[in-house]
Amino acid sequence: MKYPFKEVEEKWQKNWEDSKVYKTDLSDLAKKLYCLVMFIYPSGAKLHCGHWYNYGPTDSWARLKKLQGYNVFEPMGYDAFGLPAENYAIKTGVHPQDSTFKNIEDIREQLKTMGCMYDWDAELMTCVPEYYKWNQWLFIQLYNKGLAYRKKAPVNWCPSCQTVLANEQVENDGSCERCGAMVEQKNLTQWFYKITNYAEELLEGLNKIDWPEKTKLMQTNWIGKSTGSEVVFGIEGSNETFTVFTTRPDTLFGVTYAVIAPENELVDRITKPEFKKAVEEYRNSVKSLSEIERTSTVKEKTGVPTGAFAINPVNGEKVPIWIADYVLASYGTGCVMAVPAHDERDFAFAKKFNLPIRKVILKDGTGENDELLEAFTEVGTMINSEQFNGLPSDTGIEKVTDFLESKNQGKKKINYRLRDWLISRQRYWGTPIPIVYCEKCGELPVPENQLPVELPYDVDFKPDGGSPLAGNKDFVNTVCPKCGGHATRDVDTMDTFMDSSWYYLRYLNPRFSEGIFDTKLGNEWTPVDMYVGGAEHATMHLLYARFLHKFLRDINLVNSDEPFTKLIHQGTITNQGAKMSKSRGNVVNPDGFIKEYGTDVFRMYLMFMGPYELGGDWSDKGIVGVDRFVQRTYSLFEGAKDILKLSAPAAKYAVSEMNDAEKSVYRKVNQTVAKFAGEVENFRFNTAVAFLMELVNELSKNISGCRKEIAAYVFERFAVMLGPLAPHLAEECWNILGNETMLFEKPVWFEADPDALTVDEVTIAVQVNGKLRATVVVPVNSAQNDVKNAVFSDKKVLVHTEGKQIVKEIYVPNKIYNIVVK
RNA sequence: GCCGGGGUGGCGGAAUGGUAGACGCACUGGACUUAAAAUCCAGUGGGAGGUUUCUCCCGUACCGGUUCGAGUCCGGUCCUCGGUACCA
């Protein structure tokens, strides 16, 4: 009979649910295991293949652990705030809350058909007051510790989304990550979190976690630690000074000009009157450029002089001060000392504007007067540097800094590229920022007992450049918690990365009302043991979550340093070479495949496609192969109905007492058992599926030649191995065999019989000069002399060796016999 | 530009420095069938010859190296995918 996947899948899903098989007992900590996937954004596009590729195989991993006796907690929820719902509202008039709840209903149903082990009692969504109340609470804790602050800053403004984007959310070409519109620069007062306070610890912590090296490297580069010095320059005819950060104080004698970021306030004060016009024009021309455009390497260098001069602290020399867009206000001090001879950017700039280039580091083997054709940025010998002449430049770095320090004109400094996390969004569909502004008392946090600040339903979310909440007078107008006078609320909402930075703690009890989460459970169940999600979150979500976890630790709410012990990225499933997205219209909906083949086949096909971490281009060409495997498996089990009731298999059998078919089958099943768990354990699902296919091929051939009890032994193990990869099918097969309890109700896992893995004969490859010429079958672990006899009685070997001089023979036991001839 | 993956049959992909191509798709032949589909069995990297049981040559993007032996290690080149963007 054809495998009736629809009835079978529905039946076991219902049985699992009725028996609460996937309800995790969080009080049982003996073998606790927290397996987490990045929660889902409930868009109208529903679940697509990419989601399945994330969730299905991860669930298979978790199921292996469940069968191995772990107490697995696997929750699922909805990252429900965010721009797309609001954009959809602007387009269609459907309120974000209504569309979001509707989408969640639909997606929940889809998720349930996947048949994952989600503990649905732990389900959460971020757009309800019970959740976002704690975003606000957490904001206030950060505020009270001085880690949430406001500042005016140039920000990326997306004219289409009408919102500010973090740097990280702007694409390479200067377009908005979400809608693709070109991003502009705009100055707004915004809330920031001081993630930079944790820069060093975020860097250090990477050594303690089992994450992909490339992800750790990306975070390392993102944090961008660099060790150098701050050097104070005077300004001619002024009491003002400015500070530059440099990693190359050894080149200080080579400074021939200085550059200040065009936005820097100092520019107003130092620019000479006759330069004012040109400076203003240049500043305006730069304003329209995004940071991405400004810093493009292909862009020609631009800049103008200010007419002011800087005084070099080491030699008192006067050098002109320029402004140029290649210096960024947001990195370091926003001021740079320019050493064209030894910095590529400065070199290009100096060449273009005919500024002097002075060599102060001599490359070994070159002359002092040789012309420089490009900047020399490596270590050499210091020249033209007064008392430092002759020193190797790497030693000079420290000596020059010491000298500056003694004159109080510089010091060692560690600089980070990481910037503070901008969390304000001029948007409706998010967590209101719990701050009020009182005319008398100023800026005040909302008292904790007044939380949550509820997001009102009634707003006009037409895009007009401002925050939609500003239009709701009932929301905006409030009383000052301090003086009782009139006050207004902050009308911005929070970045949704806030929601996703601590959700893994809330899952443990989403209804907990006495605090942000149950700290006892948090300490017992986190860090998360296994976290699986896309590599695109390497520097945003995954860095923010680490930051807030450390903050929660510092206010004694968690007892660990890191949120996610082990991290895996699933690869991207593309379609016709492009990432699946609604806007491209290339989303592959799995529903049709589920209808035709069932959820187990679809899940297994995704796993069979290739290495999990590589992903690949979508094609349904091979799915019939997996379906055939399921059909063959099912009919094999049908032939073993109630076999466990008829014949209870022993724990192991002696191979010597078996017939050929039994030997072959018994060995194969034990070989499979021996390697299967390791494959699933390490997310090598493709080979795990292949091994089960090999087993089916073997059983098709030989199972009919086996005694009942051997067959029972084999089928029992086969059904259990199906468990992680095809849970519904496995449960059905387990039942067919005559088991009274469900596999996932009373988990079972088998170990291989080591005696079945030993072989008494091996095939050895015989090579002549590295070329395969024959194979010989010899007893396992044969001595070289015994093999040699077999080798040299082989005709093909003789053909290639006779009449030639044997130079050398290499024998690797049980593997190879190589003869080198001349 | 820099950093990090990856390049293996017609296709998806397997291979602790030791018989390259497991497993699957597609294809070919056979069985079953009135026929087709489904299923089952067999074959299947390319080429040359013997053509039944065989033998040889070539072959893991390209060039070179280490080694008895390289898809795997080393040096260089090309292509491709991701990350990043003058970070002083």
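Quick note: numbers below take in every heavy atom, side chains included, and nothing from hydrogens, waters or symmetry partners. Since the structure is predicted, the reported quantities are computational estimates derived from the model, not experimental observations.
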Quiz item: Using 4.0 Å as the upper bound for N to carboxylate O, is an ion pair formed by A/Glu809 and A/Lys788?
Solution: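 Counted as a salt bridge, because a side-chain N and a carboxylate O are separated by less than 4.0 Å.
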
Quiz prompt | Polar contact flag, side-chain donor to acceptor under 3.5 angstrom, A/Glu698-A/Ser664 | solution =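 The answer is yes; a qualifying pair exists.
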
Taking the ring of [Y] and the ring of [X], is the distance between their centroids below 6.0 Å?
X        : Y        : result
A/Tyr612 : A/Tyr53  : yes
A/Tyr257 : A/Phe349 : yes
A/Trp421 : A/Phe497 : no
A/Phe685 : A/Phe683 : yes

If the cut-off is 4.0 Å, is [X] near the phosphate of [N], judged by side-chain N/O to OP1 or OP2?
X        : N     : result
A/Lys796 : B/U55 : yes
A/Arg345 : B/C87 : yes
A/Asn686 : B/C23 : no
A/Arg773 : B/C57 : yes
A/Lys808 : B/C68 : yes
A/Tyr331 : B/A88 : yes
A/Asn697 : B/G24 : yes
A/Ser226 : B/A88 : yes

Output the single nucleotide from [options] whose closest atom is nearest the side chain of [X].
X        : options             : value
A/Leu772 : B/U19, B/C23, B/C25 : B/U19
A/Trp222 : B/U19, B/C87, B/U84 : B/U84
A/Arg417 : B/U84, B/A88, B/C56 : B/U84
A/Phe608 : B/G5, B/C23, B/A88  : B/C23
A/Arg632 : B/C40, B/A22, B/U19 : B/C40

Please report the distance separating the [atom1] of [N] from the corresponding atom of [M], rounded so that it comes out in whole Å.
N     : M     : atom1 : value
B/G13 : B/U51 : C1'   : 34 Å
B/C3  : B/C57 : P     : 42 Å
B/G83 : B/G29 : P     : 47 Å
B/C73 : B/G17 : P     : 8 Å
B/G6  : B/C56 : P     : 36 Å
B/C54 : B/A61 : P     : 31 Å
B/G59 : B/G64 : P     : 12 Å

Practice problem: Could you pick out which residue, A/Gly224 or A/Met609, lies toward the 5' side of RNA chain B when each is mapped onto its nearest nucleotide? | Solution: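 Whichever sits nearer the 5' end wins; that is A/Met609.
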
Practice problem: Starting from the 5' end of RNA chain B, give me the residue, A/Met337 or A/Val626, whose nearest nucleotide shows up first. | Solution: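 Counting from the 5' end, the first nearest nucleotide belongs to A/Val626.
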
Rounded off to whole Å, could you give me the [atom1]-to-[atom2] distance for the [X] and [N] pair?
X        : N     : atom1 : atom2 : answer
A/Lys771 : B/A20 : NZ    : C1'   : 15 Å
A/Tyr257 : B/A88 : OH    : C1'   : 11 Å
A/Glu213 : B/G83 : CD    : C1'   : 15 Å
A/Phe676 : B/A22 : CZ    : P     : 21 Å
A/Ile223 : B/U84 : CD1   : P     : 14 Å
A/His537 : B/G83 : NE2   : P     : 12 Å
A/Gln767 : B/A20 : CD    : P     : 7 Å
A/Asn221 : B/U84 : CG    : P     : 10 Å

Quiz item: Is the number of heavy atoms from other residues, nucleotides or ligands under 6.0 Å of A/Glu317 CD greater than 12?
Solution: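 Yes, the 6.0 Å shell around CD holds more than 12 heavy atoms from other groups.
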
Practice problem: Could you give me the stems involving RNA chain B, meaning stretches of three or more consecutive Watson-Crick or G-U wobble pairs whose two defining distances are both below 3.5 Å? | Solution: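 Correct response: B:1-7 with B:78-84, B:10-12 with B:23-25, B:27-31 with B:39-43, B:45-49 with B:54-58, B:61-65 with B:73-77.
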
Quiz item: In a check of side chain to side chain donor-acceptor pair (under 3.5 Å) between A/Ser229 and each of A/Thr247, A/Thr246, A/Asn415, A/Thr401, which one passes?
Solution: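 Per the side chain to side chain donor-acceptor pair (under 3.5 Å) rule, the option paired with A/Ser229 is A/Thr401, out of A/Thr247, A/Thr246, A/Asn415, A/Thr401.
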
Quiz prompt | Interatomic distance, A/Lys668 atom NZ to A/Leu699 atom CG [nearest 0.5 angstrom] | solution =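 So the NZ of A/Lys668 and the CG of A/Leu699 are separated by 10.0 Å.
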
Self-check item: B/G49: syn or anti, per glycosidic angle within 90° of 0
Solution: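 With its glycosidic angle more than 90° from zero, B/G49 counts as anti.
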
Exercise. Using modelled atom types only, decide if a donor and an acceptor are shared between the side chain of A/Arg248 and the backbone of A/Thr377 within a distance under 3.5 Å.
Key: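 Pair found, side chain donor or acceptor close to backbone of A/Thr377.
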
